[in-house]
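Structure first, then comments.
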Protein chains: 2
Amino acid sequence: IHESNSFVTNLVSSLSVDTETLQKQIDELSTFSDTPAPSVTRVLHTENDVLARSYIKNLMGISGLSVREDAVGNIYGEISSSSRGVWIGNEAELASVATGSHIDAIPYSGKYDGVTGVLGALEAINVLKRSGFKPRRSLEVIMFTSEEPTRYGISCLGSRLLAGIESLAKDLTSIVDGKNISFLDAARSAGYAKEHNDLSSVFLKKGSYFAFVELHIEQGPILEKEGTSIGIVTAIAAPASIKADFEGTGGHAGAVLMPNRNDAGLAAAELALAVEKHVLESGSIDTVGTVGILELHPGAINSIPIKSQLEIDIDEKRRNAVIEKIHQSAITIAKNRGVTLSELKIVNQDPPALSEKSIIEAAEAVSKELNLTHKVSPMGMIFIACYKGYSHKPEEYASCEDMENGVKVLALTLAKLSLQ
Amino acid sequence: IHESNSFVTNLVSSLSVDTETLQKQIDELSTFSDTPAPSVTRVLHTENDVLARSYIKNLMGISGLSVREDAVGNIYGEISSSSRGVWIGNEAELASVATGSHIDAIPYSGKYDGVTGVLGALEAINVLKRSGFKPRRSLEVIMFTSEEPTRYGISCLGSRLLAGIESLAKDLTSIVDGKNISFLDAARSAGYAKEHNDLSSVFLKKGSYFAFVELHIEQGPILEKEGTSIGIVTAIAAPASIKADFEGTGGHAGAVLMPNRNDAGLAAAELALAVEKHVLESGSIDTVGTVGILELHPGAINSIPIKSQLEIDIDEKRRNAVIEKIHQSAITIAKNRGVTLSELKIVNQDPPALSEKSIIEAAEAVSKELNLTHKVSPMGMIFIACYKGYSHKPEEYASCEDMENGVKVLALTLAKLSLQ
Ligand SMILES: [Mn+2]
Ligand SMILES: [Mn+2]
Ligand SMILES: [Mn+2]
Ligand SMILES: [Mn+2]
């Protein structure tokens with residue numbers, strides 16, 4: 001271990017990140033979008049998603065990684081569609097060290113979210129190859145399917161499935177998107193899930209990986225404000241989401257007198273404001289709540305909304321108390337307005353994920369060796385500072401310098417872990 | 001005049017309304033819908049709209065009316081698409097007496113709104129023909145294009161254009177729907193506006209009509225509650241509508257702390273509730289306000305709304321004070337939330353239309369002759385009582401008996417006016 005660590009230390013001086021190519025790739029990948037530049041929209045199993053996947057698989061090949069997709073093959077069976085590129089280590093029988101992220105993009109978002117963790121991972125592999133590094137444990141780059149919940153309301157779809165969540169594998173065989181297209185049909189049209197409907201084939205065996213580390217833009221303003229390039233993660237708060245539906249009696253906007261109304265739209269408006277109120281009253285600056293989706297039915301100017309649907313995102317570990325308050329508000333609002341709370345569903349309510357201590361230590365050691373100031377953050381992975389903390393919008397931006405530092409930290413962390 | 005009125009009185013005994021056929025036609029027409037029964041959705045210049053138009057034109061032909069459409073022909077030039085069936089009177093050079101309504105239906109609405117005034121008008125013509133009546137002034141049945149604002153946000157599109165509103169003719173040459181399809185392209189795909197873009201050809205000459213009377217379901221609960229079949233109208237309050245857009249800064253739902261947000265969606269929620277508040281505070285039970293449309297952009301669960309758009313419908317003559325208050329609220333909300341009120345547009349702000357005294361008198365006299373109790377209402381035309389006042393939803397319903405009385409009153413009113 002001493003010897004291998006000194007080997008890593010020697011690497012430091014020979015590291016060269018090709019930031020120009022990395023930036024070019026980020027720009028090229030952003031053109032696979034359903035909306036015009038500078039915005040990016042790339043939704044699971046759409047045409048642009050399929051094209052972007054090919055782009056990534058091609059780069060994996062160029063980096064000398066052997067590409068597998070956990071569909072069709074005999075080992076993984078069918079489906080998923082997470083793409084992995086593997087660099088076989090000298091002791092290939094040991095559990096691998098993996099890195100990666102996602103390339104799907106919510107409507108009208110930016111080009112760095114997720115993408116820096118996939119293209120940056122490939123560049124980290126290139127960096128190590130150029131330096132002459134020989135991995136002991138195999139190194140893998142994984143592109144996870146659908147980190148964003150855009151199409152089916154499920155975030156981290158691919159990684160949850162890899163984690164072996166049985167209920168998810170079952171749900172995915174019947175779930176449909178907003179246009180009533182099933183997950184399986186969409187996956188098939190993208191070239192996955194070809195032969196049968198059992199998605200449990202995607203589950204990983206326990207112990208498949210020795211370590212996983214992800215490079216990502218911060219999606220928050222703290223690193224930039226403090227002039228720090230790199231953040232190292234100790235825990236990731238999983239967002240919870242709430243889906244609330246109200247049903248009223250509707251009617252003609254010009255004809256039903258105000259006292260006779262049971263307006264599902266106004267119930268939704270009240271609940272949206274209640275979300276804000278409960279979050280602000282939580283007393284925790286880190287707790288956030290967002291009504292990103294609010295839909296009215298039938299959605300005509302001269303028709304009183306008969307149905308409304310909200311989707312609410314709540315982040316941070318104290319979220320459970322807030323969720324309970326939102327639920328109570330929804331009940332009260334429905335009662336006061338004479339509408340029915342026809343659904344209140346809490347999804348994705350995972351506990352926070354804690355980073356492996358060994359990874360944190362490796363990344364911190366690497367930052368020191370690189371003479372980079374870093375910040376240990378209560379949320380994230382390896383974070384790259386980003387402009388004003390902007391994310392999920394076209395203005396999303398990370399500088400080449402910060403990306404270069406991120407790739408260096410990632411490359412050396414992978415190297416270190418590979419030799420353990 | 002005395003002689004002709006006694007002729008009308010003689011008609012009373014010989015009137016036979018074929019309510020069975022009328023009901024069958026209402027049911028048949030309701031099948032031209034984009035949504036499943038019992039709901040009806042029929043949007044301007046869609047396939048189902050075109051099919052429904054053919055259905056009406058065919059019935060006009062069967063009733064012996066000569067059908068003109070104010071498109072393509074030399075007299076009206078091009079466009080519009082209001083269909084008219086004319087029964088030539090003995091003194092065809094006199095201004096005609098017209099009746100009619102619309103057959104477009106907002107999303108997920110019912111089958112009586114508008115339709116009873118078109119099919120009922122045709123049945124009124126049939127009634128008069130069967131009775132041996134000979135019109136002096138020609139009688140016309142007009143089906144107006146797009147009474148509902150569904151597709152282009154403009155209500156009474158066809159009738160406003162007939163009324164010669166220059167600005168509307170101009171606006172229609174550039175307006176697009178939510179899918180960016182232009183009015184002209186859609187009209188062309190439906191067989192209208194074929195040759196050039198100047199829609200002023202649709203304008204009517206002043207004095208084209210001696211009188212216009214419309215049969216319509218009440219869209220309110222008053223007649224039914226009082227056990228009255230028929231309402232006769234003295235004025236129609238035109239609805240005003242407000243379009244309000246907010247623009248905030250958006251961002252990632254999990255990353256932007258609450259104090260740093262400028263959430264356009266919450267601004268919209270506040271404005272929706274302010275509309276309700278201002279309407280309730282107006283002190284007038286008749287004043288109503290509705291937020292029928294509330295859209296968030298980008299509309300993803302994990303993205304803070306960067307834009308929102310509301311469409312607000314305000315009815316009743318005291319509406320102007322309410323509109324001003326809503327405008328003030330929108331400004332205040334935008335200021336407090338650090339979002340921009342990027343648009344506040346008041347559309348369709350016409351003054352109330354007053355019914356012609358001669359028409360009211362004719363309809364009232366006819367009701368007396370038919371021994372029908374009637375109610376003179378401050379809003380409407382000839383109203384048929386409807387179930388619970390329901391409209392713009394699938395539960396919309398008028399009884400055959402009330403429709404029969406409505407058709408009788410319409411037929412005799414047309415006859416009376418034709419002889420004046
Ligand atoms: Mn994201
Ligand atoms: Mn991401
Ligand atoms: Mn209507
Ligand atoms: Mn109507």
Side-chain angles (χ1 to χ4, degrees), chain A residues 41 106-109 113 148-150 153 155 218-221 237 239 241 250-260 263 265-266 268-270 272-273 276 279-280 285-294 296-306 311-313 315 389-393, chain B residues 41 106-109 113 148-150 153 155 218-221 237 239 241 250-260 263 265-266 268-270 272-273 276 279-280 285-294 296-306 311-313 315 389-393:
Chain A
T41 302
I106 71 158
Y108 296 94
S109 60
D113 175 10
E148 306 287 3
T150 317
S155 56
E218 184 190 9
Q219 305 188 295
S241 65
H252 190 296
V256 184
L257 298 180
M258 300 303 281
N260 302 333
D263 187 323
L266 293 178
E270 281 194 59
L273 293 168
E276 182 186 46
V279 168
L280 288 174
I285 184 77
D286 293 331
T287 304
V288 291
T290 309
V291 176
I293 295 177
L294 192 167
L296 303 184
H297 178 90
I301 183 171
N302 49 0
S303 201
I304 299 163
I306 192 165
E311 295 189 29
I312 306 160
D313 179 277
D315 280 277
Y390 284 171
S391 186
H392 282 192
K393 55 182 189 175
Chain B
T41 301
I106 71 160
Y108 297 93
S109 60
D113 175 11
E148 306 288 4
T150 317
S155 56
E218 185 190 8
Q219 305 189 295
S241 63
H252 191 294
V256 184
L257 298 180
M258 300 303 282
N260 302 333
D263 187 323
L266 293 178
E270 280 195 57
L273 293 168
E276 181 186 46
V279 168
L280 289 174
I285 183 76
D286 294 331
T287 304
V288 289
T290 308
V291 176
I293 295 175
L294 192 166
L296 304 184
H297 178 90
I301 183 169
N302 49 359
S303 200
I304 300 163
I306 192 165
E311 296 190 28
I312 305 161
D313 179 278
D315 280 277
Y390 284 171
S391 187
H392 281 192
K393 55 182 188 174

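The sequence lines fix the lettering, A, B, ..., with proteins before strands; numbering per chain opens at 1.
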With a 4.5 angstrom heavy-atom cut-off, is it the side chain or the backbone of [X] that approaches chain A, or both, or neither?
X      : value
B/I106 : side chain
B/L266 : both
B/E270 : both
B/V256 : backbone
B/T150 : neither

Most contacts with chain A, counted as non-hydrogen pairs under 4.5 angstrom, among [options]:
options                        : result
B/L257, B/V291, B/D313, B/I301 : B/I301
B/G289, B/S109, B/G265         : B/G289
B/P107, B/G250, B/A253         : B/A253
B/V279, B/L273, B/I312         : B/L273
B/P298, B/S391, B/A272, B/G389 : B/S391

Atom pair CD1 (B/I306) and CG (B/L296), whose distance is rounded to the nearest 0.5 Å:
12.5 Å
So CE of A/M258 and CG of A/D263: to nearest 0.5 Å the spacing works out to 7.5 Å
Tightest non-hydrogen contact, residues A/N302 and B/P149, listed as ND2-CD, 3.2 Å
Would you mind telling me which of A/H297, A/E148, A/E218 has the largest number of heavy-atom pairs within less than 4.5 Å of chain B?
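Looking at each of A/H297, A/E148, A/E218 in turn, A/H297 comes out on top.
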Chain B contacts, top residue of A/A268, A/A255, A/P259 (heavy-atom pairs, under 4.5 Å)
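Of the candidates given, the most pairs with chain B belong to A/A255.
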A/L280 portion near chain B, given a 4.5 angstrom heavy-atom threshold:
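For A/L280, the contact with chain B is made by the side chain alone.
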Do A/P305 and B/T290 have side chains that approach each other closer than 4.5 Å (heavy atoms only, starting at C-beta)?
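They are in side-chain contact.
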